[in-house]
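None of the values given here were measured: they were computed from a predicted structure. Numbering of ligands and ligand atoms starts at 1, following listing order. Residue indices begin at 1 and follow the sequence shown.
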Amino acid sequence: MAIPSMTYEHHSPTYIQKATIMKHISNGLSALSEREGAAVPSQFIRTMQEQATFAPHNDFCEQIPVIDLAGLSDNQQENTMASIASASEDWGFFQVINHGISLALVESAQKLAREFFNLPLEEKQKYAENPNDLIPQGYGRGFRMPESTILDWHDIFLHYFLPLSLKNISTWPHKPAAYRETMDKYGKEVLKFTDKMLEIFSRLLGLQPNYLKEEFGDPMLNIRLIFYPPCPQPKLVLGLGAHSDPNIMSVLLQDEIGGLQVKKGNKWVGVAPIPNALVINIGDQLQVVSNGRFQSVEHRVVTNTSAARLSVTTFLHPDADVMLGPALDLVDASHPPLYPTTKYSDYRRAFHRKGLNGKVLLKYYSKMQM
Ligand SMILES: O=C(O)CCC(=O)C(=O)O
Ligand SMILES: [Fe+2]
């Protein structure tokens, strides 16, 4: 497959032209990654400053908590709750095992997602996203980025489970054949799981068990499959730029390759792959409602030369119209509100306008008047 020439660099592409260029590049990624010694197009190359922070994809940090949720239903309940609290406060990222979602279902969701990306390009393009959408659905680059953004080394498929008005199964892959039914089932199981987690988070914050679920309103739930082809120059490129997730919480499946890294203090540390574990990521809205007690942390993905990586992430968002701020019970004279009350759709729009560019939350709120 031909890689498009890079002469457009000297023009100033509009959003739409840029999106088209990005798509061309994206389409060529796999071919490019297979060419021995191929150079990465300049649009993907990170600053030297950022490159200096890169760590290999298979360097993992053993301290990132792994929590056995079986403890919630036996005599380990108190310890398990305490582990979830400290993981959410100190890390914002943790893995859970014995999470209650059938391992066969978790495995088939990942297998079918991978099979989709292995289809011929012509097949995948039947689902091409509309690059003019702020949050494009379907196959493509997944984010509409500001013009100056350095490109990420990935392909994306995004679709919605909830609200039902956004769930359009006819736009989901119909190949592989079991994709729609299996993913639908998986989405429903993740929703049950996040309900359980919201109750746990409410209790840990000393709130009524149903507080967070009610506060966040009717859930919006979507899924993003990200395929990272091997990259000829992993020391120059990121698979996914650093960001924190704008939503309530994300539930991530990663394969055995490695590459997901989390910022802990000033260091980037790798999340070790554990087969069929769920990686839980606290989003910005849990940080806001918990008035800063739970942390939404920056994360990114590094690439490697030899193996394609796949992640399947389900995002639990609040109702778009809901107004969110620190829970009143968590605010007093010695704990003033750290964030103003904001409509979720406004916040999410700001996130997508900004692109994957560090921790939007702090930058966004620091510009607002309390
Ligand atoms: O691919 C990964 O492991 C990370 C995905 C992620 O952070 C996201 O989709 O927001
Ligand atoms: Fe993320």
Side-chain angles (χ1 to χ4, degrees), residues 29 54-61 64 91-95 106 109-110 113-114 116-117 129 135-137 139-145 149 152-161 187 190 194 220-231 234 237-263 268-287 295-304 307-317 347-348 351-352 354-361:
L29 275 189
F54 288 11
H57 73 287
N58 51 3
D59 255 16
F60 302 122
C61 171
I64 299 176
W91 285 92
F93 247 86
F94 53 97
Q95 307 206 53
V106 167
Q110 293 181 94
R114 188 174 272 274
F116 171 77
F117 285 105
E129 66 190 17
I135 305 168
Q137 294 187 49
Y139 175 67
R141 299 214 52 88
F143 297 94
R144 179 175 147 182
M145 293 296 194
T149 308
D152 288 333
W153 195 263
H154 66 223
D155 271 2
I156 282 187
F157 200 104
L158 182 126
H159 63 75
Y160 280 82
F161 295 115
V190 173
T194 54
M220 174 153 66
L221 194 72
N222 60 2
I223 193 159
R224 186 190 290 145
L225 321 177
I226 311 189
F227 180 77
Y228 303 91
C231 176
V237 168
L238 279 179
L240 188 65
H243 65 284
S244 67
D245 289 359
N247 53 323
I248 305 169
M249 64 182 285
S250 310
V251 176
L252 185 149
L253 302 173
Q254 65 167 339
D255 62 17
E256 70 289 359
I257 304 299
L260 172 61
Q261 299 181 340
V262 173
K263 198 168 185 185
W268 287 94
V269 295
V271 181
I274 301 178
N276 300 326
L278 307 177
V279 181
I280 308 305
N281 169 8
I282 304 280
D284 292 345
Q285 300 311 315
L286 259 184
Q287 179 168 336
Q295 295 296 314
S296 158
V297 303
E298 271 183 74
H299 50 285
R300 71 180 184 194
V301 176
V302 296
T303 61
N304 73 85
R309 175 176 182 272
L310 174 84
S311 67
V312 175
T313 309
T314 313
F315 299 85
L316 178 73
H317 304 258
Y347 183 75
R348 192 174 181 223
F351 173 88
H352 282 276
K354 186 128 191 30
L356 297 183
N357 193 2
K359 189 147 175 168
V360 174
L361 178 73

Where is the tightest heavy-atom contact between [X] and [Y], given as atom of each residue plus distance?
X      : Y      : value
Ala308 : Asp255 : O-OD2, 4.0 Å
Trp268 : Ala242 : CH2-CB, 3.7 Å
Gln110 : Asn276 : NE2-OD1, 3.8 Å

Between the side chain of [X] and the main-chain N/O of [Y], is any donor-acceptor distance below 3.5 Å?
X      : Y      : result
Asn247 : Leu316 : yes
Glu129 : Ile156 : no
Trp153 : Val302 : no

What part of Leu252, side chain from CB on, backbone N/CA/C/O, both or neither, has a heavy atom under 4.0 Å from ligand 1?
side chain

Element-labelled atoms of ligand 1 that are located less than 4.0 Å from some non-hydrogen atom of [X]:
X      : result
Val301 : 1 (O), 2 (C), 3 (O), 4 (C)
His243 : 6 (C), 7 (O), 8 (C), 10 (O)
Asp245 : 10 (O)
Ile226 : 9 (O)
Arg224 : 8 (C), 9 (O), 10 (O)
Phe315 : 8 (C), 9 (O), 10 (O)
His299 : 7 (O)

[X] near ligand 1 by a heavy-atom separation under 4.0 Å:
X      : result
Arg309 : yes
Arg300 : no
Gln254 : no

If you take the nearest heavy atom of each of Asn247, Thr314, Leu240, which one is closest to atom 6 (C) of ligand 1?
Leu240

May I ask you to test the [X]-[Y] pair for a side-chain heavy-atom distance under 4.5 Å?
X      : Y      : result
His243 : His299 : yes
Arg309 : Thr303 : no
Leu252 : Val312 : no

Minimum-distance atom from the Fe ion (ligand 2) among N, O or S atoms of Asp245
OD1

